[in-house]
J.: 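Below is the structure I would like to discuss, written out as structure tokens.
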Amino acid sequence: MMDIATLPSLTPFLPELILGVGALVLLMVGVFSGARATSLVSTLAVLVIIAAGLALLFKTPDGETFNAAFVLDPFARFFKILALIGSGFAIVMSSSFIKREKFEHFEYPVLILLATLGMMLMISANDLISVYLGLELQSLALYVVAAINRDSEKSTEAGLKYFVLGALSSGMLLYGASLVYGFTDHTQFAGIATALAAGPISTGVVFGIVLFIAGIAFKVSAVPFHMWTPDVYEGAPTPVTAFFAAAPKAAAMAMFVRALVGPFGPAIGEWQQVVTFIAIASMVLGAFAAIGQTNIKRLMAYSSIGHMGFALVGLAAGNEAGVQGVLIYMATYLAMTLGSFAVILSMRRNGKMVETTADLAGMSRTHPVTAFIFAMLLFSLAGIPPLAGFFAKFYVFLAAIDAHLYALSVIGVLSSVVGAYYYLRLVKIMYFDEPVAAFEPMSGELRVVLGLSGAFVILFVLFAGQIGAVAGLAAKTFF
């Protein structure tokens with residue numbers, strides 16, 4: 001019989017327990033109540049996320065559990081808050097869509113809770129096995145969510161594409177992890193770091209690291225593993241797309257940073273050039289491929305590919321300032337993305353969703369406040385000062401310059417200039433094109449999300465110091 005003293009302490013795991021138990025309880029509520037329970041389950045799911053966030057902030061001390069396979073530290077805490085915010089707002093933003101589109105699936109908020117649980121496990125993973133467990137829990141839920149609109153061919157196709165390519169990426173990551181284990185004799189991050197620091201790094205480990213990077217690059221939709229992103233963004237229901245664009249990206253980027261700066265830190269000479277290439281390719285493709293897009297969801301897909309490239313600039317630097325830059329970048333990216341999708345979700349005319357950029361024509365005259373905030377979000381995405389997006393890019397480029405990655409910084413700035421074109425084109429359509437019929441009134445919850453995102457982006461300069469200090473404290477976890 002197991003001695004009670006040998007059981008792992010579950011205190012650092014409290015937020016995850018709340019999410020897991022909450023998801024199972026809500027699943028039962030939905031099963032016994034049927035489709036009419038969708039609204040109730042969605043509301044309760046948001047409350048579960050809030051409870052997990054409060055537990056994370058006030059009741060959960062830093063520490064390790066499950067034989068050090070799970071770690072809670074300032075870095076994990078920062079990214080978990082981002083993941084919870086992204087997931088919570090994704091559920092809130094979908095409520096009006098659910099009512100208007102007869103999208104009565106109580107499984108949707110439950111799957112988002114399970115995906116969020118997977119993200120939290122990924123962010124705190126301190127072992128190759130726990131990385132894979134978290135990644136697969138998140139991915140399996142996301143595959144179903146992408147195809148949840150069973151009556152839509154596009155949604156089904158999006159889910160199938162994401163599943164097939166996701167399975168391939170998971171296999172690559174698992175093979176890379178097995179190579180790392182085979183050559184270092186460790187799955188725990190601390191043991192891998194010690195083994196790599198002890199002597200020359202073998203070719204097998206390098207192959208393992210590259211395959212591991214490829215697996216995670218798929219999750220953040222970095223080039224050349226981005227091919228699923230435009231099709232899934234366009235095909236999935238718009239609230240699902242908003243969710244995909246926000247929380248999972250933050251969680252995958254957290255795992256990227258923790259793995260490369262932590263256990264693979266001694267091999268920075270080997271992985272830095274790979275990350276630099278992925279960052280350059282993502283920034284350039286994101287800048288140029290979006291220019292010809294007329295579907296706004298596909299445009300946002302290419303935009304997200306470019307922004308993941310900018311975030312990876314900070315990771316390529318491999319220093320404390322770079323990690324701090326990634327943290328700040330992902331926080332601002334989350335705010336800008338949620339606000340932008342609040343506008344996209346409000347693009348409804350004659351009872352139907354519209355998705356082309358031309359549908360925004362003359363929006364400044366039909367919906368002046370919405371158009372102004374959306375323009376500010378677009379300027380921020382383009383990196384125009386003094387908005388939040390400018391400071392995010394400034395931090396990552398500064399870190400890259402400190403690491404003597406001058407070519408990467410120059411290409412990043414040039415890509416940002418090219419990318420500004422398609423953001424400014426949307427502003428031009430809203431403010432200078434002849435108005436088309438007005439959109440239906442924006443729902444209350446979308447107004448709240450848009451207002452909060454707009455305030456964050458416009459007033460960022462007032463609290464940039466505090467966010468920078470919190471990000472700096474989180475970055476010190478590895479240095």
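Computed from a predicted structure; not experimentally measured.
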J.: If we ignore hydrogens and angles and just use 3.5 Å, is the side chain of T60 paired with the main-chain N or O of A55 as donor and acceptor?
T.: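 Answer holds: yes.
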J.: Taking the inter-plane angle between the rings of F310 and F397 on a 0 to 90° scale, is it parallel (under 30°), tilted (30 to 60°) or perpendicular (over 60°)?
T.: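 The arrangement is perpendicular - the two ring planes meet at more than 60°.
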J.: Please name the pair of heavy atoms, one in S304 and one in T229, separated by the smallest distance, quoted to 0.1 Å.
T.: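 The answer is OG-CG2, 4.1 Å.
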J.: Mark yes or no for whether E445, through its side chain, and S96, through its backbone, hold a donor-acceptor pair below 3.5 Å.
T.: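 Yes.
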J.: Among V343, T366, V354, which residue satisfies the side-chain contact (heavy atoms from CB on, under 4.5 Å) criterion with F439?
T.: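 Exactly one candidate clears the test, V354.
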J.: Check this for me: F432, atom CZ, are more than 12 non-hydrogen atoms of other residues, nucleotides or ligands nearer than 6.0 Å?
T.: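 No, CZ of F432 has 12 or fewer neighbouring heavy atoms, counting only those of other groups under 6.0 Å.
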J.: With side-chain hydrogen bond (donor to acceptor under 3.5 Å, both in side chains) as the criterion, how do K219 and S139 come out once you've worked through the C-alpha distance, each side chain's angles and the decisive distance to 0.1 Å?
T.: CA-CA 9 Å; K219 299 302 175 186; S139 298; 2.9 Å; yes
J.: Indicate the ring-plane relationship of H404 and Y406, choosing parallel, tilted or perpendicular according to the 30° and 60° boundaries.
T.: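 It falls in the perpendicular class, over 60°.
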J.: If the condition is side chain to side chain donor-acceptor pair (under 3.5 Å), which residues does D62 pass it with, not counting sequence neighbours?
T.: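 For D62, the residues satisfying side chain to side chain donor-acceptor pair (under 3.5 Å) (neighbours in sequence not counted) are R77.
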J.: Answer with yes or no whether the side chains of T357 and Q293 bring together a donor and an acceptor at under 3.5 Å.
T.: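 Side-chain D/A pair, Q293 to T357: absent.
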J.: Which residue in the set E355, E234, R425 passes side-chain contact (heavy atoms from CB on, under 4.5 Å) when paired with L299?
T.: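 Output: one option passes, namely R425.
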J.: Within the side chain of R258, is there an N or O that forms a donor-acceptor pair under 3.5 Å with the backbone of M253?
T.: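 Answer holds: no.
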J.: Apply side chain to side chain contact (heavy atoms under 4.5 Å, CB included) to L26 and F106, showing your working.
T.: CA-CA 9 Å; L26 292 185; F106 74 83; over 6 Å; no
J.: Going by atom types only, do Y329 and H307 share a side-chain donor-acceptor pair under 3.5 Å?
T.: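 The answer is yes; a qualifying pair exists.
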J.: Can you name the closest pair of heavy atoms from Q272 and A316 and give their distance?
T.: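 So the two residues come closest at NE2-O, 2.8 Å.
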J.: Give me the atom names and distance for the closest heavy-atom approach of G468 to I328.
T.: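 That closest heavy-atom pairing would be CA-CD1, 4.0 Å.
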J.: Please test E157 against E153 for side chain to side chain contact (heavy atoms under 4.5 Å, CB included), starting from the C-alpha separation and ending with a verdict.
T.: CA-CA 6 Å; E157 180 188 351; E153 284 186 12; over 6 Å; no
J.: Whether the side chain of S170 engages the backbone of G166 through a donor-acceptor N/O pair (distance < 3.5 Å, no angle test) should be reported.
T.: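 Yes, S170 side chain to G166 backbone: donor-acceptor pair under 3.5 Å.
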J.: Is a donor on one side and an acceptor on the other found under 3.5 Å between the side chain of S221 and the backbone of A217?
T.: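 Not confirmed, S221 side chain does not pair with A217 backbone.
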J.: Does atom CZ of F394 have more than 12 heavy-atom neighbours, drawn from other residues, nucleotides or ligands, at distances under 6.0 Å?
T.: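 No - once you tally the heavy atoms of other residues, nucleotides and ligands closer than 6.0 Å, there are 12 at most.
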J.: Between F243 and F89, is the ring centroid distance below 6.0 Å?
T.: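 They do not qualify: ring centres at least 6.0 Å apart.
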J.: Measuring from atom OG of S340 to atom CG of L378, what distance do you get when rounded to the nearest 0.5 angstrom?
T.: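 Answer for the OG-CG pair, S340 versus L378, is 6.0 Å.
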J.: Could you tell me which non-hydrogen atom of V223 sits nearest to which non-hydrogen atom of S282, and how far apart they are?
T.: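 Smallest interatomic distance, heavy atoms only, reads N-OG, 2.9 Å.
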J.: Just to verify, what does K352 make a salt bridge (Lys or Arg N to Asp or Glu O under 4.0 Å) with, not counting sequence neighbours?
T.: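 For K352 there are no salt bridge (Lys or Arg N to Asp or Glu O under 4.0 Å) partners, ignoring immediate neighbours.
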J.: How are the rings of F341 and Y233 set relative to one another: parallel (under 30°), tilted (30 to 60°) or perpendicular (over 60°)?
T.: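 Perpendicular: the ring planes of F341 and Y233 meet at over 60°.
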J.: After noting the C-alpha distance and the side-chain angles of L84 and M119, does the key distance pass the side chain to side chain contact (heavy atoms under 4.5 Å, CB included) rule?
T.: CA-CA 9 Å; L84 289 169; M119 292 176 219; over 6 Å; no
J.: Which pair of non-hydrogen atoms, one from S124 and one from K80, has the smallest distance, and what is that distance?
T.: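 In terms of heavy atoms, the two residues are closest at OG-NZ, 2.7 Å.
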J.: Judged by modelled atom types alone, do K249 and T337 share a side-chain donor-acceptor pair under 3.5 Å?
T.: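 No, no side-chain donor-acceptor pair sits under 3.5 Å.
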J.: In terms of heavy-atom contacts, does CZ of F163 have more than 12 from other residues, nucleotides or ligands at under 6.0 Å?
T.: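 12 or below, so no.
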J.: Could you go step by step and tell me if L327 and M330 meet the side chain to side chain contact (heavy atoms under 4.5 Å, CB included) rule?
T.: CA-CA 5 Å; L327 289 154; M330 294 312 296; over 6 Å; no
J.: Between D231 and K154, does at least one N-O distance fall below 4.0 Å, as a salt bridge requires?
T.: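 A salt bridge is absent here (no side-chain N lies under 4.0 Å from a carboxylate O).
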J.: Which pairs would a plain distance check flag for residues 472-479, meaning a side-chain donor or acceptor within less than 3.5 Å of a matching protein atom at least two apart in sequence or in another chain?
T.:
residue, atom, partner, partner atom, Å
K476, NZ, E320, OE2, 3.2
T477, OG1, F75, N, 3.4
T477, OG1, A474, O, 2.6

J.: Closest approach of R298 and P230, non-hydrogen atoms and distance?
T.: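 For R298 versus P230, the nearest heavy atoms are NH2-CB, 3.5 Å.
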